[in-house]
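The structure under discussion appears below in the form of structure tokens.
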Amino acid sequence: MSKFFFLNSAFLGLYLVALLFAVSTAEPSGVMATYVNQLSKVRLPLNLSLLLWLGGAVAMKKPISTILVITAIFNWILVIDDYFVVQIQNFTFESTLGQVLASLRPIVAASVSLIAIEARLHERGSGS
Amino acid sequence: MTERKLLTDAELEALHQAFAYHPIDEVWNRFKRHSLRFKASYIFLHVYVVSYWLIHSIGLTQTLLPSSLSITDPMVKQVMAGRLLVGLMILTIMNLAFYLKIGFKTVSLALLVSYTYATLSMSLVLGPLMYAADWGLKEFLWVGVRLAALIAMWQLYRSDT
């Protein structure tokens with residue numbers, strides 16, 4: 001795997017930690033409360049389950065590209081949901097961290113996609 | 001020099017096919033050759049998403065939904081419209097993928113992931129309301145149709161297309 005792969009992985013790890021911190025310290029109200037509720041009860045558990053599945057596959061030395069493709073698709077769907085359905089660009093975030101994390105959503109999806117592509121090419125190259 | 005191939009021979013052939021003209025009869029024959037399960041799932045999903053969208057666009061969604069879920073909130077209407085549009089877009093891309101014989105599995109996976117997420121996301125709001133509500137034929141039918149749609153998407157994902 002290339003340095004780019006590890007750079008993307010580090011970025012995603014950092015993003016996840018920041019997101020967990022932001023969600024645990026947030027005291028939202030109004031529409032933001034509904035959004036954070038969705039985030040903590042549906043999106044984060046789904047993403048964490050995928051991460052757990054990925055960890056299991058890595059530990060058992062199984063192919064990981066399919067899990068990463070599913071994660072990439074899921075994250076792109078979340079981006080579409082955020083910007084075109086829920087329209088978070090119109091939300092007023094109560095913290096700068098929340099605002100930054102929201103604006104990084106498409107970058108996160110792109111980052112997962114790049115990792116998925118590299119993993120698929122790597123697995124194809126190694127014949128697994 | 002790396003020996004990794006950017007595209008496999010099958011993908012290269014699929015790309016070549018993508019730029020070739022497929023008469024609609026050939027596509028129809030290909031569809032007919034699939035299993036009954038595939039055909040039923042494919043047709044059911046189209047009827048489901050398109051009719052849901054049409055009913056939503058003429059403002060009659062409430063007639064389909066469980067009585068406990070009132071969609072007077074504009075935000076709920078906007079979310080429903082947005083998700084139905086996403087569903088229609090994925091379905092259109094799925095048709096294109098079937099025609100071009102490329103990426104059908106990925107698109108059906110996208111539809112499956114999208115619908116599972118929408119269902120879970122909505123269950124969070126609807127779950128407590130439905131738990132407290134009286135269950136009638138409409139509620140059971142609504143849950144049954146959603147379950148059937150999920151199974152249909154899974155069938156398309158599992159197919160060899």
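Every chain is numbered from 1, with letters handed out A, B, ... down the list of sequences. Side chains included, hydrogens not; waters and symmetry mates left out as well; all remaining heavy atoms used.
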Using 0.5 Å steps for rounding, measure from the [atom1] atom of [X] to the [atom2] atom of [Y].
{"X": "A/Leu46", "Y": "B/Tyr117", "atom1": "CG", "atom2": "OH", "answer": "9.0 Å"}
{"X": "A/Asn37", "Y": "B/Leu124", "atom1": "CG", "atom2": "CG", "answer": "5.0 Å"}
{"X": "A/Ile73", "Y": "B/Ser114", "atom1": "CD1", "atom2": "OG", "answer": "10.5 Å"}
{"X": "B/Arg83", "Y": "A/Ile80", "atom1": "CZ", "atom2": "CD1", "answer": "12.0 Å"}

Measuring heavy-atom distances to chain B, does [X] have an atom under 4.5 Å in its side chain, in its backbone, in both, or in neither?
{"X": "A/Arg43", "answer": "side chain"}
{"X": "A/Ile117", "answer": "neither"}
{"X": "A/Val42", "answer": "side chain"}

query: Looking at B/Leu112, B/Leu85, B/Leu109, which makes the most heavy-atom pairs under 4.5 Å with chain A?
result: B/Leu109

So does [X] have more than 12 non-hydrogen atoms from other groups sitting under 6.0 Å from [atom1]?
{"X": "B/Arg158", "atom1": "CZ", "result": "no"}
{"X": "B/Lys138", "atom1": "NZ", "result": "yes"}
{"X": "A/Phe84", "atom1": "CZ", "result": "no"}
{"X": "B/Lys39", "atom1": "NZ", "result": "yes"}

- request: Identify which part of B/Val86 has an atom lying under 4.5 Å from any heavy atom of chain A, answering side chain, backbone, both or neither.
  value: side chain

- prompt: Which region of B/Ser123, side chain (C-beta onward) or backbone (N, CA, C, O), has a non-hydrogen atom less than 4.5 Å from a non-hydrogen atom of chain A, or is it both or neither?
  reply: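 B/Ser123 has no heavy atom closer than 4.5 Å to chain A.
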
field: Heavy-atom pairs under 4.5 Å with chain B, option from A/Asp81, A/Val69, A/Ile70 with the top count
entry: A/Asp81

Check the hydrophobic clustering (I, L, V, M, F, W, Y; side-chain heavy atoms under 4.5 Å; chains of links allowed) and say if [X] and [Y] are grouped together.
{"X": "A/Met60", "Y": "A/Ile67", "answer": "no"}
{"X": "B/Tyr42", "Y": "B/Trp28", "answer": "yes"}
{"X": "B/Val49", "Y": "B/Leu147", "answer": "no"}
{"X": "A/Phe4", "Y": "A/Val108", "answer": "no"}

